[in-house]
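The next block holds one structure in the form of structure tokens; read it before the comments.
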Amino acid sequence: MSELKKRLSFILESPKHNTEEKLQKVCALLDQEISHFNWTGFYFKNGDKNELKLGPYVGAETDHTIIPYGKGICGQVAVSNETFIVPDVHLQDNYLSCSIDTKAEIVVPIFKNGENVGQIDIDSHTIDPFTKEDLELLEWLCNEVSKIL
Ligand code: SME
């Protein structure tokens with residue numbers, strides 16, 4: 001297991017912090033360790049509503065604290081149940097801009113008991129920055145996060 005995965009596991013397993021604090025620390029660690037991650041946050045299904053609600057995040061404040069299913073990259077992932085990698089956000093029609101600096105985005109869904117309950121969303125200030133290793137790490141992380149929900 002990579003050093004970063006070990007550190008992420010350590011945070012998620014910590015008995016000292018609640019879920020929100022753990023997710024906040026996960027965002028901070030990813031933001032600190034991966035230089036092309038420039039906004040890192042979680043969205044979760046808002047109760048029974050077909051919308052996402054912003055959870056813990058690190059990065060610029062965003063207007064998109066609530067995102068209806070189907071809207072933007074996040075809302076599309078809430079419906080498709082599939083990871084969405086956007087190498088260049090300017091080429092997307094159905095996109096919600098958070099910052100003019102954002103060039104690329106990756107959104108990975110989180111499943112609990114087979115249900116799509118949320119996602120991790122990463123924005124980058126670099127075009128086409130996300131690697132196979134990033135994807136593998138984020139899918140692993142979402143699986144680990146699911147266990148503490
Ligand atoms: N860009 C996202 C909205 C969330 S912000 O990036 C934080 C989208 O299109 O869904």
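Counting starts at 1 for both ligands and their atoms, following the listed order.
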Note the single closest protein heavy atom to atom 3 (C) of ligand 1, along with its residue, its atom name and the distance in Å.
-> Leu96 O, 3.5 Å

Numbering as shown, the atoms of ligand 1 that approach Tyr43 to under 4.0 Å (heavy-atom distance) | 4 (C), 7 (C)

Just which atoms of ligand 1 are under 4.0 Å from any heavy atom in Asp121?
-> 4 (C), 5 (S), 6 (O), 7 (C)

Looking only at distances, please establish whether an N/O atom of ligand 1 is found under 3.5 Å from an N/O atom of Glu105.
-> yes

So, are Glu33 and Arg7 salt-bridged, with charged N and O less than 4.0 Å apart?
-> yes

Give the residue and atom name of whichever protein heavy atom lies nearest to atom 8 (C) of ligand 1, and the separation in Å to one decimal.
-> Ile73 N, 3.3 Å

How close do Val79 and Gly70 get, heavy atom to heavy atom, and via which atoms?
-> CG2-N, 3.7 Å

Lys147 bridged to Glu144 by N-O distance under 4.0 Å | yes

Atoms of ligand 1, numbered as shown, that sit under 4.0 Å from any heavy atom of Trp39 | 7 (C)

Taking only non-hydrogen atoms of Tyr95 and a 4.0 Å limit, the atoms of ligand 1 in range are 1 (N), 9 (O)

Identity of the nearest option to atom 7 (C) of ligand 1, non-hydrogen atoms only, from Ser99, Gly75, Cys98, Ala78 | Cys98

Ile11 and Leu137: same hydrophobic cluster, using ILVMFWY side-chain contacts below 4.5 Å?
-> yes

Between Glu105 and Tyr95, what is the shortest heavy-atom contact and its length?
-> OE1-CE1, 3.2 Å

the protein heavy atom lying closest to atom 6 (O) of ligand 1 turns out to be Asp123 OD2, 2.9 Å

To the nearest 0.5 Å, how far apart are CD1 in Ile34 and CD in Gln32?
-> 11.0 Å

How many angstroms lie between NZ in Lys112 and CD1 in Ile148, if you round to the nearest 0.5 Å?
-> 9.0 Å

